[in-house]
Amino acid sequence: MRFQAPRGTHDVLPGDSFRWRFVEETFREVCRRFGYAEIRTPTFEDTQLFLRGIGEGSEIVVDKQMYSFNDPGGDSLTLRPEGTAPAVRAFLENSLHAQGPVTKVFYTGPIFRYERPQSGRLREHHQCGIELFGSIDPAADAEVIQLGVRYLRSLDIRGEEIHINSVGCPACRPAYLQVLRRYVKPHLSEMCGNCQRRYEANPLRILDCKVDVCRAATADAPPMHDSLCGECSDHLTGCREVLDLYGIECVLDDRLVRGLDYYTKTAFEFLHGGLGAQSAVLSGGRYDGLVEECGGSPTPGVGFGSGVERVLLAMEAEQSQPVAPEPITAFVITLGDAARKAGLKLLADLRAVGLAADTDYAGRSMKAQMKEANRCGARYAVIIGEDEVAHNAATVKDLATSEQASVRMESLVGSLVE
RNA sequence: GUGGGUGUAGCUCAGUUGGUUAGAGCGCCAGAUUGUGGCUCUGGAGGCCGAGGGUUCGAGCCCCUUCACUCACCCCA
């Protein structure tokens, strides 16, 4: 029996893991620059948190995409299908609001959704995300978007297109939903099953449907922004003004809605060509009702999530090269038992002073050991054979220049440190 | 959940209208003067041809079933 990784999961292999490190470290650095601190929350949470947080009407819940299970004690737990609700829970549970009016956190980690895998979509994927709690300033929305832009730029990704919209608030959205329903109703019978269900539960999503009949039916539907209340309308223009100030271009997209129920006002998506059908590389928005919904006092919030796997695809599409890991300094080559002992001791000494060093453990020939030294990119081959042992020295060969010299054992570590 | 595509060596792939011991490139291992890498040359190891069944004298190739991977719908990061 040979085991395989579960469907929709994947291994990050030694030859690729540096790409992941690069992406994550870049994200951390950009977050630090913007004043965000890392928050680490559990991989699973009380199932109710997600049912409440992302909304019973959301597709994640309706389509049963959550990895929920009962633990041996009988509690229903769920592998997190998104990052915001856990952050909100931790924010509340630990009273982070008490440290100041505005709290800025970032997170990174696995996300789980039971979906059919395809390019850019996995059952376990990884997201980098940020959340900004406590501000209704449109400049906060703009900062979140700006951070996303800086993040992608730092990875040498520049081909993204930013779509922005406002999905309104409890003051204006219900009225718009009625307008929309009234407009859609005559066409409803010929629309897809999903949309017929959405008509009652989540009419905004109808605008986002890709089925031709549905698209045609809503082609001239009244846009949300005509129905926005003054506050939401001002917020959107305020946000766009700041983005303009930052030189960030974005397109107003009437059709942009969110799959999760908690979003209010600003919604945005960073789209990237060359990812296949799953083109959103980063997306998010404002969720002014979520904290209260999760049992806290009314606290506005805005944030984004970004899929690491998709970011890596975008980097590949743009041929952006991550910084490669440093190769080792010395590869210790030994011939014979006495030399082996001296070599192992030297290896330990090199590592003890902080140098990266390695040796062969396959008992291979000198030639093969040299080959290995070359293959792993070592700067120096340190050769110890019978002659060297007899003279209490080692031969140090610079693999780039092919120059080699005999160095006495006692000064070897010092000479390699340089 | 619904479609399409693909499963042959560690990797990328060839395999003619079904015909004998299944191939290449890369990688790996070993050699090409004694204890010296990269380039080159030579040799070698490594395949229940995804699995199960069927048709046939004969199946990697045809048929059925099944599993996996993949892309798309859906949904989303």
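Note on naming: letters A, B, ... go to the chains in the order of the sequence lines (proteins, then strands), and numbering restarts at 1 for each one.
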Quiz prompt | Rounded distance (Å) that lies between atom P of B:G35 and atom CG of A:Asp337 | solution = 15 Å
Self-check item: Whole-Å distance separating the CZ atom of A:Arg205 from the C1' atom of B:C74
Solution: 9 Å
Exercise. Whole angstrom is fine here: how far is it from CD in A:Glu115 over to P in B:G1?
Key: 13 Å
Quiz prompt | Whole angstrom value for the distance that separates P of B:U36 from CG of A:Asp387 | solution = 12 Å
Quiz item: Which residues, if any, of residues 120-131 of chain A bring a heavy atom under 4.0 Å of RNA chain B?
Solution: A:Gly120, A:Arg121, A:Leu122, A:His125, A:Gln127
Quiz item: OP1 or OP2 of B:C29 less than 4.0 angstrom from a side-chain nitrogen or oxygen of A:Arg364, does that happen here?
Solution: yes
Quiz item: To the nearest Å, how far apart are A:Met366 CE and B:G38 P?
Solution: 12 Å
Quiz item: Does the side chain of A:Thr78 come under 3.5 Å of the side chain of A:Glu45 through a donor N or O and an acceptor N or O?
Solution: no
Quiz item: Base, sugar-phosphate, or nothing for A:Val308, non-hydrogen atoms under 4.0 angstrom?
Solution: nothing
Exercise. Quote, to the nearest angstrom, the P distance that separates B:G7 from B:C63.
Key: 14 Å
Exercise. Please work out if A:Arg113 contacts a base, only the sugar-phosphate, or nothing of the nucleic acid, heavy-atom cut-off 4.0 Å.
Key: base
Quiz item: Which whole number of Å gives the distance between the P atom of B:C73 and that of B:U66?
Solution: 26 Å
Quiz item: At under 4.0 Å between heavy atoms, what does A:Gln404 touch on the DNA or RNA strands: base, sugar-phosphate, or nothing?
Solution: base
Practice problem: Pick the C1' atom in B:G44 and in B:C49, then give their distance to the nearest Å. | Solution: 22 Å
Quiz item: Looking at B:G37, B:C71, B:G35, which one has an atom nearest to any side-chain atom of A:Leu335?
Solution: B:G35
Exercise. Provide the distance between the two C1' atoms, one in B:G52 and one in B:C67, to the nearest whole Å.
Key: 10 Å
Exercise. Could you check A:Ala368 against A:Thr401 and say which one's nearest nucleotide on RNA chain B is further toward the 5' end?
Key: A:Ala368
Quiz item: B:C76, B:G1, B:U36: which one has an atom nearest the side-chain heavy atoms of A:Arg116?
Solution: B:G1
Practice problem: Please check the phosphate of B:A68 (OP1 and OP2 only) for any side-chain N or O of A:Gln4 closer than 4.0 Å. | Solution: no
Quiz item: Roughly how far apart, to the nearest Å, are B:G1 and B:C11 at atom P?
Solution: 28 Å
Practice problem: May I ask you to verify if any side-chain N or O of A:Ser306 is less than 4.0 angstrom from the OP1 or OP2 atom of B:A77? | Solution: no
Quiz item: Have A:Glu388 and A:Thr395 got a donor and an acceptor in their side chains that come within less than 3.5 Å?
Solution: yes
Quiz prompt | Short side-chain N/O contact to B:C69 OP1/OP2 from A:Arg7, under 4.0 Å | solution = yes
Quiz prompt | No-H, no-angle donor-acceptor pair, A:Gln369 side chain to B:G35 base, under 3.5 Å | solution = no
Quiz item: Whole Å only: how far is the OH atom of A:Tyr114 from the C1' atom of B:C74?
Solution: 14 Å
Practice problem: Could you give the distance separating B:C48 and B:G37 at their P atoms, to the nearest angstrom? | Solution: 35 Å
Quiz item: Thinking salt bridges, do A:Arg240 and A:Asp244 make one under a 4.0 Å N-O criterion?
Solution: no
Exercise. Determine the interatomic distance between P on B:C57 and the same-named atom on B:G46; round to the nearest Å.
Key: 35 Å
Practice problem: For the pair A:Asp360 and A:Lys371, find out whether any cationic side-chain nitrogen is under 4.0 Å from an anionic carboxylate oxygen. | Solution: no
Quiz item: Looking only at side chains, do A:Arg80 and A:Thr41 share a donor and an acceptor under 3.5 Å apart?
Solution: yes
Quiz item: Taking CG from A:Leu152 and C1' from B:A77, how many angstroms apart are they, rounded to a whole number?
Solution: 12 Å
Quiz item: Looking at B:C76, does its base get a donor-acceptor pair with the side chain of A:Arg310 below 3.5 Å?
Solution: yes
Quiz item: Looking at B:G38, does its base get a donor-acceptor pair with the side chain of A:Ser402 below 3.5 Å?
Solution: yes
Quiz item: Given the P atoms of B:G15 and B:C61, what is the spacing between them in whole Å?
Solution: 15 Å
Exercise. Could you label the plane-to-plane angle of the A:Phe106 and A:Phe27 rings as parallel, tilted or perpendicular, counting under 30° as parallel and over 60° as perpendicular?
Key: perpendicular
Practice problem: Before giving the answer on side-chain hydrogen bond (donor to acceptor under 3.5 Å, both in side chains), spell out for A:His10 and A:Glu124 the whole-Å C-alpha distance, their side-chain angles and the decisive distance to 0.1 Å. | Solution: CA-CA 8 Å; A:His10 65 127; A:Glu124 179 187 21; over 6 Å; no
Exercise. Send over the distance from A:Lys371 NZ to B:U36 C1', rounded to a whole Å.
Key: 12 Å
Quiz item: Is it true that A:Asp337 and A:Arg340 have a side-chain N and a carboxylate O under 4.0 angstrom from each other?
Solution: no
Quiz item: Does A:Leu282 or A:Ser119 map to a spot on RNA chain B nearer the 5' end, using the closest nucleotide for each?
Solution: A:Ser119
Exercise. Using only heavy-atom distances, determine whether the side chains of A:Tyr36 and A:Glu143 contain a donor-acceptor pair under 3.5 Å.
Key: yes
Self-check item: Separation between OG of A:Ser320 and CE of A:Met315, rounded to the nearest 0.5 Å
Solution: 3.5 Å
Exercise. Look at the side chain of A:Lys367 against the base of B:U36 and say whether a donor-acceptor pair falls under 3.5 Å; ignore hydrogens and angles.
Key: no
